[in-house]
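Written out below as structure tokens is the structure these notes cover.
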There are 2 protein chains.
Amino acid sequence: MHASLRARSHVWNADTVTTPPPGLPPPGLRERKKQATREALREAALRLAVERGPEQVRVEDIAEAAGVSPRTYNNYFASREQAIVSAVTADREARIAAAVAARPAGVRLADAVTEAAVEQYTNTSEREHQALLLITTQTALRDAFLDTTAGIEPPLTAVIAERLGDAGAHTARVLAASVAAAIRIALEGWLRPAGNAEAAGSFGAGGLVVPSGSLPDQLRAALAPLAPAFDAAERRTQP
Amino acid sequence: MHASLRARSHVWNADTVTTPPPGLPPPGLRERKKQATREALREAALRLAVERGPEQVRVEDIAEAAGVSPRTYNNYFASREQAIVSAVTADREARIAAAVAARPAGVRLADAVTEAAVEQYTNTSEREHQALLLITTQTALRDAFLDTTAGIEPPLTAVIAERLGDAGAHTARVLAASVAAAIRIALEGWLRPAGNAEAAGSFGAGGLVVPSGSLPDQLRAALAPLAPAFDAAERRTQP
DNA sequence: CAGGAAAAGTGCGTGCACGCAAGTTTGCGT
DNA sequence: ACGCAAACTTGCGTGCACGCACTTTTCCTG
């Protein structure tokens with residue numbers, strides 16, 4: 001059944017250490033240390049991966065560099081790849097949701113989502129771009145990065161549900177998942193240039209794929225087909 | 001960031017042993033033995049999982065029961081869970097695509113897809129239902145089963161692309177991925193009853209989720225929001 | 001300001017995924 | 001029929017994910 005498209009790829013978030021939804025009381029020392037550890041691991045993982053090749057970094061090294069035990073390391077990250085990728089991902093999931101919520105209630109929901117996504121993926125900081133190059137070099141990292149999109153679903157579901165009202169809660173879930181899938185496709189197409197020919201799966205006819213434009217273009221193109229669904233959903237709540 | 005929703009879950013298809021798209025020449029001895037081995041492993045995995053608990057089955061046991069080395073086992077399956085789940089899944093991916101292609105060209109594409117999905121998931125054979133009960137007992141199996149939906153995407157992309165023409169190749173990909181996501185959601189909702197309360201993720205408002213109807217209902221409900229997107233895509237090719 | 005419970009960190013052991021480098025079988029051309 | 005090349009199998013070694021039981025840290029409540 002098809003080639004090894006998408007091999008092993010631990011989907012996001014297998015950590016034991018839970019981070020509760022931002023509580024109103026001051027975070028408390030406990031939370032702050034947790035986040036500090038998390039960032040220390042992220043940082044160490046990325047730094048080591050850049051210094052030596054990503055292949056030459058064992059979890060033991062990351063843990064040591066961050067000053068924790070290896071066992072603790074994987075209370076935070078389910079795989080070596082996650083640790084590295086999370087450094088460039090940070091909390092983009094939450095930022096996208098926030099960006100959608102920030103748009104005035106007047107605009108089309110489809111546009112709000114699309115622009116929010118484009119916006120959050122084009123903020124290409126300096127180190128982030130450097131790390132992206134690193135990611136493209138290794139399939140495992142590439143996959144881990146793509147799996148990041150799954151994390152967008154829950155917060156996006158929340159904001160969409162907010163706009164659609166309680167009646168559309170179910171619809172919101174499906175739309176959010178579709179958006180996540182579309183974004184994944186856009187990212188796939190974007191960082192394809194690394195010459196693998198057997199990309200699009202193995203089905204008969206049209207072997208032509210768009211020659212991969214810029215990321216914003218890819219995102220808009222991938223999200224466009226979903227716009228009618230958003231419009232219909234919106235229309236159903238505000239006739 | 002959220003609880004451990006969707007922990008480790010090796011996405012489908014990490015096998016080394018490739019199965020080329022069905023060639024026209026007679027399969028040849030090589031292919032037949034490969035499929036035989038695959039089925040022997042599937043069968044052994046399921047049988048052992050049913051006899052003792054799924055937890056009490058090591059890879060070594062499965063391999064031995066199938067008469068191959070443990071190393072060969074994971075040339076076919078990337079995880080223990082895949083082997084077990086694949087016994088109930090068989091090639092449902094291809095069947096769904098075929099079912100879509102089978103529908104007359106006159107019907108709405110959205111309907112064709114929905115009905116094809118419902119049809120292929122309601123053929124609950126005897127042993128299959130038994131195995132589904134087994135799956136619900138263990139989170140790892142549940143996740144592996146849900147990840148099966150990812151495999152629907154490639155063949156579904158092909159048939160949808162066929163109906164939309166080459167212009168809609170890109171759209172087809174996004175729609176297929178959305179359908180896969182929707183089906184996943186439907187399945188999630190369906191085999192939820194196993195009392196876990198922290199299901200829907202952790203976002204503020206509406207904690208009400210539909211009390212999970214039958215599988216066909218869940219599927220139709222999950223796919224309905226995508227219908228407008230299909231209609232629009234179809235309209236664009238045949239005005 | 002205790003004291004005790006909850007949560008995070010740690011050491012250890014087990015089974016597993018997977019790369020590598022033979023060995024073995026199958027298929028095909030001459 | 002022969003033999004070569006490609007494909008599959010296998011043994012071995014390595015690093016890793018993760019459960020369990022235990023220690024340490026943080027937080028809350030009387």
Side-chain angles (χ1 to χ4, degrees), chain A residues 3-4 7-20 23 25-38 40-41 45 48 54-64 66-84 138-140 143-144, chain B residues 3-4 7-20 23 25-38 40-41 45 48 54-64 66-84 138-140 143-144:
Chain A
S4 67
R8 160 183 73 93
S9 73
H10 301 197
V11 178
W12 215 236
N13 246 337
D15 28 34
T16 295
V17 179
T18 64
T19 298
L29 181 59
R30 210 186 189 86
E31 274 313 304
R32 271 181 292 144
K33 288 189 82 168
K34 225 172 3 181
Q35 290 306 330
T37 300
R38 210 185 212 98
L41 285 169
L48 292 178
E55 202 63 54
Q56 305 305 322
V57 178
R58 292 171 312 176
V59 293
E60 186 185 342
D61 304 331
I62 301 175
E64 183 185 3
V68 299
S69 89
R71 184 63 184 82
T72 291
Y73 155 85
N74 82 281
N75 285 343
Y76 284 89
F77 297 103
S79 78
R80 199 175 61 256
E81 291 77 19
Q82 271 191 17
I84 299 176
Q138 239 204 174
T139 307
D143 290 345
Chain B
S4 67
R8 162 180 73 92
S9 72
H10 302 198
V11 178
W12 215 238
N13 244 336
D15 29 34
T16 294
V17 178
T18 64
T19 298
L29 181 60
R30 211 186 188 86
E31 274 314 304
R32 272 182 290 144
K33 286 189 82 168
K34 223 171 8 180
Q35 291 306 331
T37 300
R38 201 182 279 273
L41 285 169
L48 291 178
E55 201 64 54
Q56 304 306 321
V57 178
R58 289 172 312 174
V59 170
E60 188 186 342
D61 303 331
I62 301 176
E64 184 186 3
V68 298
S69 89
R71 184 62 184 83
T72 291
Y73 154 86
N74 83 278
N75 285 343
Y76 284 88
F77 296 101
S79 77
R80 198 173 62 255
E81 291 78 20
Q82 270 192 17
I84 299 175
Q138 236 204 175
T139 307
D143 290 346

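Numbers restart at 1 for each chain; the letters A, B, ... are given by sequence-line order, proteins then strands. A quick note: this is a predicted structure, and the numbers were derived from the prediction, not measured. Hydrogens, waters and symmetry mates play no part in the numbers below; they use all other heavy atoms, side chains included.
Between B/Lys33 and C/dT26, a side-chain N or O to OP1/OP2 separation shorter than 4.0 Å is present. Within the structure, every side-chain polar atom (N or O) of B/Arg80 is placed at least 4.0 Å from both OP1 and OP2 of C/dG15.
Residues forming a side chain to side chain contact (heavy atoms under 4.5 Å, CB included) with A/Thr139 (at least two apart in sequence, or on another chain): A/Asp143. Legend: residues meeting side chain to side chain contact (heavy atoms under 4.5 Å, CB included) with A/Glu55, ordered by chain and number and at least two apart, are A/Arg80, A/Gln138. Every side chain to side chain contact (heavy atoms under 4.5 Å, CB included) that A/Ala40 has, sequence neighbours left out, goes to A/Ala66.
Distance from the side chain of A/Arg58 is smallest for D/dG15 among the nucleotides C/dA8, D/dC18, D/dG15. Considering only side-chain atoms of B/Asn74, the nucleotide from D/dC8, C/dC18, C/dG9 that sits closest is C/dC18. Ranking C/dC16, D/dT9, C/dG9 by closeness to the B/Thr37 side chain, first place goes to D/dT9.
The distance from atom CD1 of B/Ile62 to atom P of C/dG15 is 14 Å, rounded to the nearest whole Å. In this structure, the CZ atom of A/Phe77 is 15 Å from the C1' atom of C/dA8, given to the nearest Å. In this entry the distance linking CD of A/Glu64 with C1' of D/dC16 reads 17 Å, nearest Å. Remark: P of D/dT26 and CZ of A/Arg32 are 11 Å apart, rounded to the nearest angstrom. Atoms CG (B/Leu48) and C1' (C/dG15) sit 16 Å apart, rounded to a whole Å. Atoms CD (A/Glu55) and P (C/dC20) sit 9 Å apart, rounded to a whole Å. B/Gln35 has its CD atom 16 Å from the P atom of C/dT26, to the nearest Å. With rounding to whole Å, B/Gln82 atom CD is found 14 Å from C/dC18 atom C1'.
When each of B/Ile84, B/Ile62, B/Leu41 is tested with B/Phe77 by the rule side-chain contact (heavy atoms from CB on, under 4.5 Å), just one qualifies, namely B/Leu41.
By the 4.5 Å heavy-atom criterion applied to side chains, A/Asn74 and A/Val59 are not counted as neighbours.
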Polar atom pairs (N or O), protein with nucleotides 4-7 of chain C, under 3.5 Å:
{"residue": "C/dA7", "atom": "O4'", "partner": "A/Arg30", "partner atom": "NH2", "Å": "2.3"}
{"residue": "C/dA7", "atom": "N3", "partner": "A/Arg30", "partner atom": "NH2", "Å": "3.4"}

Protein N or O to nucleotides 10-12 of chain C N or O, pairs below 3.5 Å:
{"residue": "C/dT10", "atom": "OP2", "partner": "A/Ser69", "partner atom": "N", "Å": "2.9"}
{"residue": "C/dT10", "atom": "OP2", "partner": "A/Thr72", "partner atom": "OG1", "Å": "2.7"}
{"residue": "C/dG11", "atom": "O6", "partner": "A/Arg71", "partner atom": "NE", "Å": "3.3"}

So what's the dot-bracket for DNA chain C: Watson-Crick or G-U pairs under 3.5 Å, [ ] if a pair crosses, | if it pairs off-strand? ||||||||||||||||||||||||||||||
